[in-house]
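Each ligand, and each atom within it, is numbered from 1 in the order the structure gives.
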Amino acid sequence: MAPRSAAVAVVAVAATLLALCGSTEAHAQLGAYNKTCPQAEDIVFKEMTAVLAKSPGLAGSLLRLFSVDCLLGGCEGSILLDSTANNTAEKDSPLNKGLRGYDVVDSIKAKLEAACPGVVSCADVLALAARDSVRISKGPYIPMPTGRQDGNRSSAADVAPNTPKPGANVTDLIALFARFNLTAKDLAVLSGAHTIGKAHCSAFSPRLYNFTTTNSNASDPTLDANYTGTLRGQCRAGDLATLVDLDPGSGTTFDLGYYRDVAASRGLLSTDAALLLDGDTRAYVMRQANATAPDEFFADFAASFVNMSKIGVLTHHKGEVRRQCSAVNPPSASSLAPVTMSAHAVLLASCFISIVTMALVL
Ligand code: HEM
């Protein structure tokens with residue numbers, strides 16, 4: 001080959017390889033532990049099955065824990081970190097005091113550490129536990145991408161700006177979701193998670209008492225009057241602590257009950273009721289409320305849930321694989337993380353070697 005065309009060929013091949021090498025952007029993938037810890041997903045499922053057999057109510061708690069983690073700066077396990085002497089963590093924000101299920105994550109993580117030390121991140125444990133919560137509650141099976149790494153930042157100061165305000169209207173909610181590339185449809189679909197689990201009286205009692213400043217007996221007129229009466233029986237004025245089903249009657253079954261509640265003005269949270277006030281979210285609620293089977297909701301939920309699970313994912317050395325979910329690794333253990341993401345390093349090295357080899361051959 002003439003020197004000039006050889007040089008052109010080298011440049012063209014190198015450019016192609018560099019483009020391919022550069023395409024290893026941060027993303028999670030299906031079966032990321034297939035080689036490094038093939039039993040990981042089975043271990044999580046087995047543990048979740050045992051936990052939920054004893055305490056079915058924890059399904060909602062794990063599902064919510066994951067959604068809060070993702071919406072607070074990304075699905076990188078920051079909600080699991082404990083506060084330290086110098087830092088108040090997300091979990092200790094007053095807005096997150098009601099979250100439950102941390103001990104379940106810790107016990108699953110301990111099982112995974114025993115089987116495959118330093119391999120499976122806490123962010124993935126939470127993602128898998130949440131998707132298994134849906135499955136075990138008779139919802140859809142959601143193929144869940146894995147390979148997230150754990151972040152080391154968790155600040156209570158980040159919570160308020162990224163959490164829907166109590167009483168947020170539907171425009172606020174759509175705007176909040178849009179910040180994470182989630183659509184109004186994702187909002188309507190993911191809110192369907194409220195088909196399982198419970199809320200503290202504090203989360204909705206402003207709808208039951210003192211709804212107007214002039215009448216202490218006034219309740220939210222958009223809430224069904226009979227349901228208001230039932231809720232007042234469950235949550236006396238001033239009771240902030242009692243837990244009430246978000247979807248009474250089928251609070252541990254992942255079904256269409258939530259949409260039927262909302263359509264009948266019996267959505268427990270004001271943010272649930274707000275879905276009726278936007279054309280798109282209302283249409284979705286009404287369609288599911290009138291559906292005879294959950295197939296469309298299940299397919300949509302699986303898709304939106306995976307969309308949510310991709311928010312702010314850390315891969316390729318940007319995070320670490322925590323040994324314990326409640327604390328960042330001590331400096332010496334942090335060096336374990338690159339081992340789990342070595343595929344990226346191998347890819348870059350092979351790209352480099354290929355380019356050099358091409359240059360020599362041509
Ligand atoms: C529009 C955004 C959302 C708002 C405003 C919202 C608000 C809330 C509130 C206030 C509670 C009650 C918390 C308590 O009193 O302890 C709750 C519970 C819950 N949320 Fe949401 N949520 C939203 C989105 C989501 C998403 C995206 C998911 C999951 C995909 C989710 C799953 C749950 C579950 C399962 C519970 C029950 C928790 C338990 O039983 O411990 N939520 N949510």
Honestly, for L71 the part within reach of ligand 1 (heavy atoms, under 4.0 Å) is neither
d(Y102 OH, I79 CD1) to nearest 0.5 Å is 4.5 Å
If we number the atoms of ligand 1 from 1 as shown, the ones under 4.0 Å from a heavy atom of A199 are 12 (C), 14 (C), 15 (O)
Ligand 1 atoms nearer than 4.0 angstrom to some heavy atom of K198 are 37 (C), 38 (C), 39 (C), 40 (O)
Of V134, L190, V189, the one whose closest heavy atom lies nearest atom 27 (C) of ligand 1 is L190
Note: L176, heavy atoms under 4.0 Å from ligand 1, region reported as neither
| said: I'd like to know whether Y227 forms a side-chain hydrogen bond (donor to acceptor under 3.5 Å, both in side chains) with D261, so could you lay out the CA-CA distance, the side-chain angles of the two residues, the decisive distance to 0.1 Å, and finally the verdict. | reply: CA-CA 10 Å; Y227 190 38; D261 298 335; over 6 Å; no
Here the atoms of ligand 1 under 4.0 Å from any heavy atom belonging to A193 are 28 (C), 29 (C), 30 (C), 31 (C), 32 (C), 35 (C)
Atoms of ligand 1 under 4.0 Å from any heavy atom of A203, numbered from 1 in the order shown, are 15 (O)
Next on the checklist: Using the ring centroid of each side chain, check whether F297 and F254 are separated by less than 6.0 Å.
Outcome noted: yes
**Asked** Are T228 and R207 linked by a side-chain donor-acceptor pair shorter than 3.5 Å?
**Response** no
Under 4.0 Å from one or more heavy atoms of T271, ligand 1 contributes atoms 5 (C)
Interatomic distance, CZ@R266 vs CG@L231, rounded to 0.5 Å, equals 8.5 Å
With heavy atoms and a 4.0 Å threshold, my read on which part of L243 contacts ligand 1 is neither
Review point. Please walk me through it: do H194 and D272 pass side-chain hydrogen bond (donor to acceptor under 3.5 Å, both in side chains)?
Key: CA-CA 9 Å; H194 292 169; D272 297 325; 2.9 Å; yes
Nearest non-hydrogen contact to atom 42 (N) of ligand 1 from the set M308, H194, H200 belongs to H194
Per-atom filter on ligand 1: closer than 4.0 angstrom to a heavy atom of S67 are 26 (C), 27 (C), 28 (C), 29 (C), 31 (C)
Ranking K97, R100, R64 by closest non-hydrogen atom to atom 39 (C) of ligand 1, top hit is R100
Min over G197, G60, P164 of heavy-atom distance to atom 3 (C) of ligand 1 lands on P164
For L187, the ligand 1 atoms with a heavy-atom partner under 4.0 Å come out as 1 (C)
